[in-house]
Asks: 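This structure is in structure tokens; I'll ask about it shortly.
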Amino acid sequence: MKVFISYGSAADQVTALRLQALAGVNGLTVFVPPAYTREGSTPLIDPQSAQKLSEAEILLGVVGSGLTEACRQELNTGIRLHKTTIVMADPVLAPQLQPFFGPNLVVIDPANPDRAELDIVQHLKAMDAEQSAKKDLLALGTLALGLLIFAPSD
């Protein structure tokens with residue numbers, strides 16, 4: 001299964017890369033756009049990312065500390081392409097993301113992990129995706145939750 005992980009800011013890239021490593025060990029093919037794609041307000045998705053996004057079956061957004069233009073474009077493109085999508089967001093950012101990503105948004109609150117896990121499961125139940133895709137997304141979501149819970153706080 002091919003997964004594209006879009007991330008909101010340079011700080012979120014660490015979580016995205018850790019998810020990529022963990023997913024790769026579990027047999028998933030995962031692409032995380034390079035850091036230079038998050039610099040400035042690039043008007044278009046870079047060609048490599050556009051290709052990987054079109055090939056992906058699943059789009060996972062990691063928005064923990066901010067939403068860059070590149071991430072917004074990747075997520076909107078994935079939704080337009082009808083990719084199975086989950087945008088995982090910090091509770092502080094969720095209100096500003098809700099109007100744009102609506103049913104694809106799952107709030108990941110490290111202070112309330114049981115609620116976050118339940119939200120991921122509820123989101124997956126509502127999705128029209130194959131069972132294997134749902135299992136893979138649940139695994140990725142759970143891994144992301146674990147990474148956020150155990151991440152060092154500033």
Side-chain angles (χ1 to χ4, degrees), residues 1-24 28-113 115-117 119-120 123-124 126-127 129 133 136-154:
M1 178 154 303
K2 293 183 180 181
V3 179
F4 186 101
I5 300 179
S6 182
Y7 56 94
S9 67
D12 296 326
Q13 183 188 27
V14 174
T15 301
L17 291 171
R18 291 173 72 190
L19 281 171
Q20 180 183 37
L22 290 168
L28 299 176
T29 302
V30 180
F31 178 78
V32 175
Y36 71 83
T37 63
R38 300 302 182 256
E39 297 168 1
S41 57
T42 309
L44 298 172
I45 299 172
D46 74 290
Q48 181 187 23
S49 295
Q51 177 66 34
K52 296 294 185 179
L53 181 55
S54 86
E55 294 171 358
E57 298 160 80
I58 296 172
L59 171 59
L60 180 64
V62 177
V63 185
S65 60
L67 181 68
T68 59
E69 180 61 20
C71 180
R72 186 190 62 75
Q73 288 183 23
E74 290 162 358
L75 293 171
N76 285 333
T77 299
I79 290 168
R80 263 194 319 277
L81 293 172
H82 304 287
K83 300 294 179 182
T84 300
T85 303
I86 290 183
V87 180
M88 296 187 302
D90 183 272
V92 173
L93 296 172
Q96 79 182 65
L97 298 174
Q98 184 65 42
F100 303 105
F101 304 115
N104 296 307
L105 185 68
V106 176
V107 177
I108 303 293
D109 185 356
N112 194 356
R115 178 77 234 171
E117 186 174 27
D119 288 347
I120 292 169
H123 180 80
L124 292 175
M127 287 174 50
D136 289 338
L137 278 170
L138 179 59
L140 280 174
T142 303
L143 288 171
L145 178 59
L147 290 174
L148 292 169
I149 291 169
F150 296 111
S153 51
D154 295 339

Asks: Going by heavy atoms in the side chains, are F100 and R72 under 4.5 Å from each other?
Replies: no

Asks: With side-chain contact (heavy atoms from CB on, under 4.5 Å) as the test, pick out the partner of M88 among N104, V62, V107.
Replies: V62

Asks: Rounded to the nearest 0.5 Å, how far does CG of L75 lie from CG of L97?
Replies: 9.0 Å

Asks: Checking salt bridge (Lys or Arg N to Asp or Glu O under 4.0 Å) for the pair K83/E55: CA distance, chi angles, key distance, verdict?
Replies: CA-CA 10 Å; K83 300 294 179 182; E55 294 171 358; over 6 Å; no

Asks: Counting C-beta onward and ignoring hydrogens, is there a side-chain heavy-atom pair between I45 and T77 closer than 4.5 Å?
Replies: yes

Asks: Between L53 and S49, is a side-chain contact (heavy atoms from CB on, under 4.5 Å) present by the stated rule, with each step listed?
Replies: CA-CA 6 Å; L53 181 55; S49 295; 5.9 Å; no

Asks: Atom OG1 in T84, atom CG in L59: separation rounded to 0.5 Å?
Replies: 9.5 Å

Asks: In this structure, are over 12 heavy atoms from other groups packed under 6.0 Å from K52 atom NZ?
Replies: no

Asks: Taking E57 for the side chain and K2 for the main chain, is one N or O donor matched with an acceptor at less than 3.5 Å?
Replies: yes

Asks: Do T68 side-chain atoms and G8 backbone N/O form a donor-acceptor pair below 3.5 Å?
Replies: yes

Asks: From C71 SG over to I5 CD1, what is the distance, rounded to the nearest 0.5 angstrom?
Replies: 11.5 Å

Asks: Less than 3.5 Å apart, any donor N or O on the side chain of S65 or S9 sitting next to an acceptor on the other?
Replies: yes

Asks: Just by distance, do the side chain of Y7 and the backbone of V14 share a donor-acceptor pair under 3.5 Å?
Replies: no

Asks: Determine, stepwise, if the pair V106 / V87 fulfils side-chain contact (heavy atoms from CB on, under 4.5 Å).
Replies: CA-CA 6 Å; V106 176; V87 180; over 6 Å; no

Asks: Going through the distances and angles, do V63 and D90 end up as a side-chain contact (heavy atoms from CB on, under 4.5 Å)?
Replies: CA-CA 7 Å; V63 185; D90 183 272; over 6 Å; no

Asks: For A56 and V3, work out which heavy atoms get closest and say how close.
Replies: CB-C, 4.3 Å

Asks: To the closest 0.5 Å, what do you measure between CG (D46) and CD (Q73)?
Replies: 10.5 Å

Asks: Kindly give the heavy-atom pair with the smallest separation between P91 and I108, and that separation in Å.
Replies: CD-O, 3.5 Å

Asks: Could you tell me if D12 and T15 have a donor-acceptor pair between their side chains, going purely by distance under 3.5 Å?
Replies: no

Asks: Look up atom CZ in R18 and atom CD in Q13, then write down how far apart they are to the nearest 0.5 Å.
Replies: 13.0 Å

Asks: Measuring from F101:CZ to L67:CG, what's the distance to the nearest 0.5 Å?
Replies: 5.5 Å

Asks: Quick one: does P33's side chain get under 4.5 Å of Q48's, heavy atoms only?
Replies: no

